[in-house]
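Scope of the values below: all heavy atoms of this structure, side chains included, with no hydrogens, waters or symmetry mates. Remember, it's 1-based here, ligands and their atoms both numbered in the order they're listed.
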Amino acid sequence: MLDIKFYPREQLKAKPTDESKLGFGKIFTDYMFLMNYEAGRGWFDPRIVPYGPLSLDPSCMVFHYAQEMFEGLKAYRTADGKIQLFRPQKNIERMNNTNRRMCIPEVDPDDALQAIKAIVECEKDWVPHSVGTSLYIRPFIIATDAQLGVHPSKTYLFAIILSPVGSYYAAGINPVKIFVETEYVRAVRGGTGFAKVGGNYAASLIGQAKAEKLGYAQVLWLDGIEHKYIDEVGAMNVFFVIDGEVITPALDEGNILPGVTRASCIELLRSWGYKVTERRLALSEVIEASKNGKLDEAFGTGTAAVISPIGELVDETDRIVLNGGEIGPIAQKLYDNLTGIQWGTVKDSLGWVEPVI
Ligand SMILES: *Cc1c(COP(=O)(O)O)cnc(C)c1O
(Lines give C-alpha, C1' and ligand atoms only; values in the text may rest on other atoms or scores of the structure.)
Protein backbone atom coordinates (compact mmCIF):
# COMPACT_ATOMS: atom_id res chain seq x y z
CA MET A 1 0.00 0.00 0.00
CA LEU A 2 1.31 3.43 -0.91
CA ASP A 3 0.89 6.29 1.53
CA ILE A 4 0.01 8.94 -1.06
CA LYS A 5 0.38 12.55 0.11
CA PHE A 6 -1.91 15.20 -1.35
CA TYR A 7 -0.76 18.76 -2.10
CA PRO A 8 -3.78 20.92 -3.01
CA ARG A 9 -3.55 23.74 -5.54
CA GLU A 10 -4.83 27.18 -4.74
CA GLN A 11 -7.19 27.43 -7.64
CA LEU A 12 -8.71 24.76 -9.87
CA LYS A 13 -8.69 25.19 -13.65
CA ALA A 14 -11.87 25.80 -15.61
CA LYS A 15 -13.11 22.51 -17.10
CA PRO A 16 -13.79 22.34 -20.84
CA THR A 17 -17.36 23.36 -21.57
CA ASP A 18 -17.66 22.00 -25.12
CA GLU A 19 -16.91 18.27 -24.99
CA SER A 20 -17.16 18.00 -28.78
CA LYS A 21 -13.91 19.96 -29.05
CA LEU A 22 -11.75 17.94 -26.65
CA GLY A 23 -9.58 16.27 -29.30
CA PHE A 24 -6.80 14.02 -28.00
CA GLY A 25 -4.20 14.86 -25.36
CA LYS A 26 -4.43 18.66 -25.53
CA ILE A 27 -5.96 19.48 -22.15
CA PHE A 28 -4.61 18.29 -18.80
CA THR A 29 -6.31 18.09 -15.42
CA ASP A 30 -5.56 19.89 -12.14
CA TYR A 31 -3.31 17.24 -10.60
CA MET A 32 -0.70 14.61 -11.41
CA PHE A 33 0.75 11.65 -9.54
CA LEU A 34 4.51 11.56 -8.90
CA MET A 35 6.82 9.05 -7.22
CA ASN A 36 10.63 8.90 -7.12
CA TYR A 37 13.11 6.04 -7.22
CA GLU A 38 16.65 5.75 -5.92
CA ALA A 39 18.84 2.65 -6.17
CA GLY A 40 19.08 1.08 -2.71
CA ARG A 41 15.94 2.85 -1.52
CA GLY A 42 13.28 1.77 -4.03
CA TRP A 43 10.23 3.82 -4.97
CA PHE A 44 9.40 6.55 -2.45
CA ASP A 45 7.44 9.74 -1.84
CA PRO A 46 4.21 8.90 -3.72
CA ARG A 47 2.25 12.14 -4.04
CA ILE A 48 -0.54 13.92 -5.87
CA VAL A 49 0.56 17.44 -6.73
CA PRO A 50 -0.73 20.29 -8.93
CA TYR A 51 -0.22 19.52 -12.64
CA GLY A 52 2.60 21.67 -13.94
CA PRO A 53 6.14 21.82 -15.36
CA LEU A 54 8.80 19.51 -13.96
CA SER A 55 12.16 20.94 -13.02
CA LEU A 56 14.89 18.69 -14.41
CA ASP A 57 18.63 19.06 -14.81
CA PRO A 58 19.56 19.45 -18.52
CA SER A 59 21.98 16.54 -18.14
CA CYS A 60 19.17 14.16 -17.09
CA MET A 61 19.69 10.84 -18.84
CA VAL A 62 16.22 10.72 -20.35
CA PHE A 63 17.01 13.75 -22.55
CA HIS A 64 20.11 12.14 -24.06
CA TYR A 65 19.68 8.38 -24.08
CA ALA A 66 15.88 8.02 -24.03
CA GLN A 67 15.73 5.72 -21.04
CA GLU A 68 12.00 6.02 -20.46
CA MET A 69 8.71 4.20 -20.95
CA PHE A 70 5.02 5.02 -21.07
CA GLU A 71 1.57 3.45 -20.88
CA GLY A 72 -1.86 4.48 -22.10
CA LEU A 73 -5.33 3.56 -20.84
CA LYS A 74 -8.65 5.26 -20.18
CA ALA A 75 -11.23 5.88 -17.47
CA TYR A 76 -14.85 5.74 -18.65
CA ARG A 77 -17.98 7.31 -17.13
CA THR A 78 -20.99 4.99 -17.24
CA ALA A 79 -24.63 6.05 -17.63
CA ASP A 80 -25.27 5.49 -13.91
CA GLY A 81 -22.39 7.79 -12.94
CA LYS A 82 -19.72 5.20 -12.13
CA ILE A 83 -16.13 5.60 -13.29
CA GLN A 84 -14.31 2.50 -14.47
CA LEU A 85 -11.07 1.30 -16.04
CA PHE A 86 -10.66 -1.37 -18.71
CA ARG A 87 -8.22 -4.19 -17.79
CA PRO A 88 -5.67 -1.88 -16.09
CA GLN A 89 -3.80 -4.95 -14.77
CA LYS A 90 -2.82 -5.72 -18.38
CA ASN A 91 -1.27 -2.26 -18.76
CA ILE A 92 0.62 -2.65 -15.49
CA GLU A 93 1.94 -6.08 -16.49
CA ARG A 94 3.07 -4.59 -19.82
CA MET A 95 4.63 -1.61 -18.02
CA ASN A 96 6.88 -3.97 -16.05
CA ASN A 97 7.75 -5.96 -19.21
CA THR A 98 8.82 -2.67 -20.80
CA ASN A 99 10.72 -1.70 -17.65
CA ARG A 100 12.73 -4.93 -17.69
CA ARG A 101 13.74 -4.34 -21.33
CA MET A 102 14.72 -0.73 -20.60
CA CYS A 103 16.66 -1.47 -17.35
CA ILE A 104 14.07 0.60 -15.46
CA PRO A 105 13.11 -0.71 -12.00
CA GLU A 106 9.74 -2.43 -11.83
CA VAL A 107 6.81 -0.93 -9.96
CA ASP A 108 4.82 -3.15 -7.59
CA PRO A 109 1.62 -3.96 -9.57
CA ASP A 110 -0.68 -3.30 -6.60
CA ASP A 111 1.02 0.07 -5.98
CA ALA A 112 0.69 1.00 -9.67
CA LEU A 113 -3.03 0.18 -9.68
CA GLN A 114 -3.52 2.09 -6.43
CA ALA A 115 -1.75 5.12 -7.92
CA ILE A 116 -3.87 5.05 -11.11
CA LYS A 117 -7.10 4.71 -9.14
CA ALA A 118 -6.08 7.44 -6.68
CA ILE A 119 -5.31 10.06 -9.33
CA VAL A 120 -8.43 9.18 -11.36
CA GLU A 121 -10.62 9.37 -8.25
CA CYS A 122 -9.03 12.69 -7.33
CA GLU A 123 -9.86 13.99 -10.83
CA LYS A 124 -13.24 12.25 -11.23
CA ASP A 125 -14.96 15.51 -12.17
CA TRP A 126 -12.66 15.69 -15.22
CA VAL A 127 -14.04 12.46 -16.72
CA PRO A 128 -16.21 13.84 -19.54
CA HIS A 129 -19.89 12.90 -19.89
CA SER A 130 -20.63 12.84 -23.64
CA VAL A 131 -20.95 9.59 -25.59
CA GLY A 132 -17.57 8.27 -26.68
CA THR A 133 -15.50 10.61 -24.47
CA SER A 134 -13.15 9.43 -21.72
CA LEU A 135 -10.28 10.43 -19.46
CA TYR A 136 -6.99 9.31 -21.02
CA ILE A 137 -4.44 8.10 -18.45
CA ARG A 138 -0.75 8.43 -19.30
CA PRO A 139 1.65 6.81 -16.80
CA PHE A 140 5.35 7.22 -17.65
CA ILE A 141 8.79 6.75 -16.13
CA ILE A 142 11.92 8.77 -16.96
CA ALA A 143 15.58 8.32 -16.03
CA THR A 144 16.67 11.32 -13.96
CA ASP A 145 20.38 10.82 -13.18
CA ALA A 146 22.06 14.15 -13.99
CA GLN A 147 25.13 12.86 -15.84
CA LEU A 148 26.14 11.87 -19.37
CA GLY A 149 27.78 8.45 -18.89
CA VAL A 150 25.92 5.69 -20.72
CA HIS A 151 24.53 3.16 -18.22
CA PRO A 152 21.18 2.59 -16.54
CA SER A 153 20.15 5.53 -14.37
CA LYS A 154 20.11 5.09 -10.59
CA THR A 155 17.20 7.49 -10.12
CA TYR A 156 13.79 7.71 -11.82
CA LEU A 157 10.56 9.65 -11.77
CA PHE A 158 7.22 7.86 -12.21
CA ALA A 159 4.39 10.18 -13.21
CA ILE A 160 0.73 9.81 -14.16
CA ILE A 161 -0.97 12.63 -16.06
CA LEU A 162 -4.60 12.76 -17.22
CA SER A 163 -6.30 14.26 -20.25
CA PRO A 164 -10.02 14.39 -21.06
CA VAL A 165 -10.35 13.15 -24.65
CA GLY A 166 -13.08 13.38 -27.24
CA SER A 167 -14.92 10.72 -29.15
CA TYR A 168 -12.52 9.36 -31.76
CA TYR A 169 -15.33 8.86 -34.23
CA ALA A 170 -17.42 11.98 -33.72
CA ALA A 171 -18.30 11.89 -37.44
CA GLY A 172 -18.81 8.08 -37.61
CA ILE A 173 -16.26 5.35 -38.32
CA ASN A 174 -14.51 6.05 -41.60
CA PRO A 175 -12.15 3.37 -42.89
CA VAL A 176 -8.71 4.84 -43.60
CA LYS A 177 -6.23 4.67 -46.47
CA ILE A 178 -2.97 2.96 -45.54
CA PHE A 179 0.45 3.24 -47.18
CA VAL A 180 2.68 0.16 -47.08
CA GLU A 181 6.12 1.32 -45.89
CA THR A 182 8.94 -0.62 -47.56
CA GLU A 183 11.91 1.63 -46.72
CA TYR A 184 11.75 2.41 -42.99
CA VAL A 185 11.02 -0.16 -40.29
CA ARG A 186 9.46 0.15 -36.84
CA ALA A 187 11.01 -2.78 -35.00
CA VAL A 188 13.45 -5.67 -35.34
CA ARG A 189 13.88 -8.97 -33.54
CA GLY A 190 15.89 -8.33 -30.38
CA GLY A 191 14.93 -4.66 -30.39
CA THR A 192 12.24 -2.79 -28.47
CA GLY A 193 9.17 -3.43 -30.64
CA PHE A 194 7.31 -5.17 -27.79
CA ALA A 195 8.10 -2.36 -25.34
CA LYS A 196 6.05 0.86 -25.08
CA VAL A 197 8.87 3.38 -25.35
CA GLY A 198 9.20 6.83 -26.87
CA GLY A 199 12.17 5.76 -28.98
CA ASN A 200 9.94 3.53 -31.11
CA TYR A 201 7.73 6.51 -31.80
CA ALA A 202 10.61 8.87 -32.56
CA ALA A 203 11.91 6.37 -35.13
CA SER A 204 8.47 5.99 -36.75
CA LEU A 205 7.70 9.69 -37.26
CA ILE A 206 9.45 9.83 -40.62
CA GLY A 207 7.34 6.99 -42.03
CA GLN A 208 4.16 8.60 -40.79
CA ALA A 209 5.20 11.98 -42.22
CA LYS A 210 5.96 10.37 -45.58
CA ALA A 211 2.56 8.61 -45.66
CA GLU A 212 0.71 11.83 -44.80
CA LYS A 213 2.57 13.72 -47.51
CA LEU A 214 1.40 11.11 -50.00
CA GLY A 215 -2.19 11.48 -48.80
CA TYR A 216 -2.53 8.46 -46.51
CA ALA A 217 -3.73 8.35 -42.91
CA GLN A 218 -1.31 5.72 -41.60
CA VAL A 219 1.60 3.44 -42.38
CA LEU A 220 1.51 -0.35 -42.60
CA TRP A 221 4.85 -1.42 -41.12
CA LEU A 222 6.59 -4.55 -42.42
CA ASP A 223 9.11 -6.70 -40.55
CA GLY A 224 12.60 -5.25 -40.13
CA ILE A 225 14.55 -8.12 -41.67
CA GLU A 226 12.85 -9.23 -44.89
CA HIS A 227 10.38 -6.32 -45.33
CA LYS A 228 7.87 -9.02 -46.16
CA TYR A 229 5.72 -9.76 -43.11
CA ILE A 230 3.06 -7.55 -41.60
CA ASP A 231 4.02 -5.88 -38.31
CA GLU A 232 1.61 -3.12 -37.18
CA VAL A 233 -0.45 -0.30 -38.64
CA GLY A 234 0.55 3.16 -37.38
CA ALA A 235 0.71 2.72 -33.60
CA MET A 236 -1.93 0.00 -33.64
CA ASN A 237 -1.98 -3.77 -33.86
CA VAL A 238 -3.47 -5.13 -37.07
CA PHE A 239 -5.92 -7.88 -37.98
CA PHE A 240 -6.76 -9.32 -41.41
CA VAL A 241 -9.76 -11.53 -42.13
CA ILE A 242 -9.00 -13.98 -44.94
CA ASP A 243 -11.67 -16.48 -46.00
CA GLY A 244 -13.37 -16.24 -42.60
CA GLU A 245 -10.15 -16.75 -40.61
CA VAL A 246 -9.00 -13.86 -38.42
CA ILE A 247 -5.20 -13.47 -38.57
CA THR A 248 -2.94 -11.19 -36.54
CA PRO A 249 0.88 -11.18 -36.27
CA ALA A 250 2.18 -13.39 -33.42
CA LEU A 251 4.02 -11.84 -30.46
CA ASP A 252 6.87 -14.38 -30.27
CA GLU A 253 9.35 -12.47 -32.45
CA GLY A 254 9.31 -9.58 -29.96
CA ASN A 255 8.61 -6.93 -32.61
CA ILE A 256 4.86 -6.52 -31.95
CA LEU A 257 3.50 -4.36 -29.13
CA PRO A 258 1.17 -6.63 -27.10
CA GLY A 259 -1.93 -4.43 -27.21
CA VAL A 260 -4.61 -4.79 -24.56
CA THR A 261 -7.16 -4.14 -27.31
CA ARG A 262 -5.48 -6.82 -29.46
CA ALA A 263 -5.69 -9.41 -26.66
CA SER A 264 -9.31 -8.44 -25.93
CA CYS A 265 -10.31 -8.77 -29.62
CA ILE A 266 -8.73 -12.23 -29.80
CA GLU A 267 -10.53 -13.36 -26.64
CA LEU A 268 -13.89 -11.94 -27.74
CA LEU A 269 -13.64 -13.41 -31.25
CA ARG A 270 -12.75 -16.85 -29.88
CA SER A 271 -15.63 -16.66 -27.38
CA TRP A 272 -17.93 -16.02 -30.38
CA GLY A 273 -16.57 -19.06 -32.22
CA TYR A 274 -14.34 -17.35 -34.79
CA LYS A 275 -11.10 -19.02 -35.84
CA VAL A 276 -8.30 -16.65 -34.75
CA THR A 277 -4.69 -17.37 -35.70
CA GLU A 278 -1.61 -15.58 -34.38
CA ARG A 279 1.12 -16.11 -36.93
CA ARG A 280 3.42 -14.47 -39.44
CA LEU A 281 1.42 -13.00 -42.29
CA ALA A 282 3.19 -11.99 -45.50
CA LEU A 283 1.96 -8.92 -47.36
CA SER A 284 1.99 -11.08 -50.51
CA GLU A 285 -0.54 -13.42 -48.89
CA VAL A 286 -2.87 -10.48 -48.24
CA ILE A 287 -2.53 -9.26 -51.84
CA GLU A 288 -3.08 -12.77 -53.16
CA ALA A 289 -6.20 -13.16 -51.00
CA SER A 290 -7.50 -9.85 -52.27
CA LYS A 291 -6.98 -10.91 -55.91
CA ASN A 292 -8.87 -14.15 -55.20
CA GLY A 293 -11.75 -12.33 -53.53
CA LYS A 294 -10.90 -13.87 -50.15
CA LEU A 295 -9.80 -10.78 -48.24
CA ASP A 296 -12.90 -10.01 -46.18
CA GLU A 297 -11.73 -7.05 -44.06
CA ALA A 298 -8.85 -5.59 -42.05
CA PHE A 299 -8.58 -3.26 -39.07
CA GLY A 300 -6.18 -1.76 -36.54
CA THR A 301 -6.74 -2.01 -32.77
CA GLY A 302 -5.64 0.28 -29.93
CA THR A 303 -6.92 2.11 -26.86
CA ALA A 304 -7.33 5.48 -28.59
CA ALA A 305 -9.55 4.49 -31.53
CA VAL A 306 -10.51 0.98 -30.28
CA ILE A 307 -11.04 -0.32 -33.85
CA SER A 308 -9.81 1.47 -36.96
CA PRO A 309 -11.00 -0.19 -40.18
CA ILE A 310 -8.68 -0.23 -43.19
CA GLY A 311 -10.47 0.90 -46.34
CA GLU A 312 -7.57 0.87 -48.76
CA LEU A 313 -4.04 -0.57 -48.75
CA VAL A 314 -1.48 0.71 -51.24
CA ASP A 315 2.10 -0.27 -52.05
CA GLU A 316 4.30 0.39 -55.10
CA THR A 317 2.50 -2.10 -57.30
CA ASP A 318 -0.90 -2.84 -55.80
CA ARG A 319 -3.93 -0.94 -54.60
CA ILE A 320 -6.36 -3.01 -52.56
CA VAL A 321 -9.82 -1.79 -51.59
CA LEU A 322 -11.25 -3.71 -48.63
CA ASN A 323 -14.93 -4.45 -48.13
CA GLY A 324 -15.83 -1.72 -50.64
CA GLY A 325 -14.12 0.86 -48.41
CA GLU A 326 -16.73 0.27 -45.69
CA ILE A 327 -16.29 -1.01 -42.14
CA GLY A 328 -16.57 -4.83 -42.13
CA PRO A 329 -18.96 -6.87 -39.95
CA ILE A 330 -16.25 -8.27 -37.64
CA ALA A 331 -14.71 -4.83 -37.02
CA GLN A 332 -18.18 -3.41 -36.30
CA LYS A 333 -19.09 -6.24 -33.90
CA LEU A 334 -15.78 -5.86 -32.01
CA TYR A 335 -16.19 -2.08 -31.83
CA ASP A 336 -19.77 -2.32 -30.51
CA ASN A 337 -18.90 -4.91 -27.87
CA LEU A 338 -15.62 -3.40 -26.66
CA THR A 339 -17.00 0.12 -26.38
CA GLY A 340 -20.17 -1.31 -24.82
CA ILE A 341 -18.16 -3.04 -22.09
CA GLN A 342 -15.98 0.05 -21.55
CA TRP A 343 -18.89 2.46 -21.17
CA GLY A 344 -21.01 -0.06 -19.26
CA THR A 345 -23.81 -0.63 -21.81
CA VAL A 346 -22.83 -4.25 -22.59
CA LYS A 347 -22.57 -6.89 -19.83
CA ASP A 348 -18.96 -7.37 -18.71
CA SER A 349 -19.18 -11.16 -18.75
CA LEU A 350 -15.39 -11.60 -18.96
CA GLY A 351 -14.69 -9.49 -15.84
CA TRP A 352 -12.63 -6.85 -17.67
CA VAL A 353 -13.94 -3.75 -15.97
CA GLU A 354 -12.26 -2.36 -12.85
CA PRO A 355 -14.35 0.15 -10.86
CA VAL A 356 -12.74 3.35 -9.54
CA ILE A 357 -15.86 4.80 -7.91
C1 LIG B 1 0.06 1.19 -27.37
C2 LIG B 1 0.33 0.58 -28.70
C3 LIG B 1 -0.58 -0.31 -29.32
C4 LIG B 1 -1.96 -0.61 -28.79
O5 LIG B 1 -2.01 -1.11 -27.51
P6 LIG B 1 -3.35 -1.00 -26.65
O7 LIG B 1 -2.97 -1.58 -25.33
O8 LIG B 1 -4.39 -1.80 -27.36
O9 LIG B 1 -3.70 0.45 -26.58
C10 LIG B 1 -0.18 -0.90 -30.51
N11 LIG B 1 1.00 -0.62 -31.08
C12 LIG B 1 1.87 0.24 -30.53
C13 LIG B 1 3.16 0.51 -31.21
C14 LIG B 1 1.57 0.86 -29.32
O15 LIG B 1 2.44 1.71 -28.78
*asked:* Could you identify the single nearest non-hydrogen protein atom to atom 8 (O) of ligand 1 and state the distance to 0.1 Å?
replied: Thr261 OG1, 2.6 Å
*Hey, does Val260 come in under 3.5 Å of ligand 1, counting only N/O atoms on both sides?*
yes
*Quick one: sort the Tyr156 and Trp43 rings into parallel, tilted or perpendicular, breaks at 30° and 60°.*
tilted
_Distance alone, cut at 3.5 Å: any donor-acceptor contact between the side chains of Thr78 and Gln84?_
no
*Hey, which atoms in ligand 1 end up nearer than 4.0 Å to a heavy atom of Asn237?*
10 (C)
*Please confirm whether Arg94 comes under 4.0 Å of ligand 1, counting heavy atoms of the residue only.*
yes
*Ignoring angles and geometry beyond distance, decide whether Tyr201 reaches within less than 3.5 Å of ligand 1 through its nitrogen or oxygen atoms.*
yes
*Looking at ligand 1, does any of its N/O atoms fall within less than 3.5 Å of an N/O of Lys196?*
yes
Show me, pair by pair, the donor-acceptor contacts under 3.5 angstrom made by side chains of residues 318-329, not counting sequence neighbours?
residue: Asp318; atom: OD1; partner: Lys291; partner atom: NZ; Å: 3.2
residue: Arg319; atom: NH1; partner: Glu312; partner atom: OE2; Å: 2.3
residue: Asn323; atom: ND2; partner: Glu326; partner atom: O; Å: 3.1
residue: Asn323; atom: ND2; partner: Ile327; partner atom: O; Å: 3.1

*Top protein contact for atom 9 (O) of ligand 1, by heavy-atom distance*: Thr303 OG1, 2.6 Å
*How about Phe179 and Tyr216: are their ring centres within less than 6.0 Å of each other?*
yes
*Give the residue, atom name and distance (to 0.1 Å) of the protein heavy atom nearest atom 11 (N) of ligand 1.*
Glu232 OE1, 2.5 Å
_Among all protein heavy atoms in this structure, tell me which lies nearest to atom 3 (C) of ligand 1, with the distance rounded to 0.1 Å._
Ala235 O, 3.5 Å
*asked:* For Tyr168 together with Tyr335, are the ring centres under 6.0 Å from each other?
replied: no
_Does the plane of the ring in Phe6 sit parallel, tilted or perpendicular to the ring in Tyr31? Use 30° and 60° as the thresholds._
tilted
_Arg186 N/O under 3.5 Å from ligand 1 N/O_ = no
_Identified salt bridge (charged side-chain N to carboxylate O under 4.0 Å, His left out) partner of Glu71 from the options Lys196, Arg94, Arg138_ = Arg94
_Nitrogen or oxygen atoms of Gly259 and ligand 1 under 3.5 Å apart_ = no
*On the ring face of Tyr136, is Lys74 found with NZ or CZ under 6.0 Å from the centre and within 45° of the axis?*
no
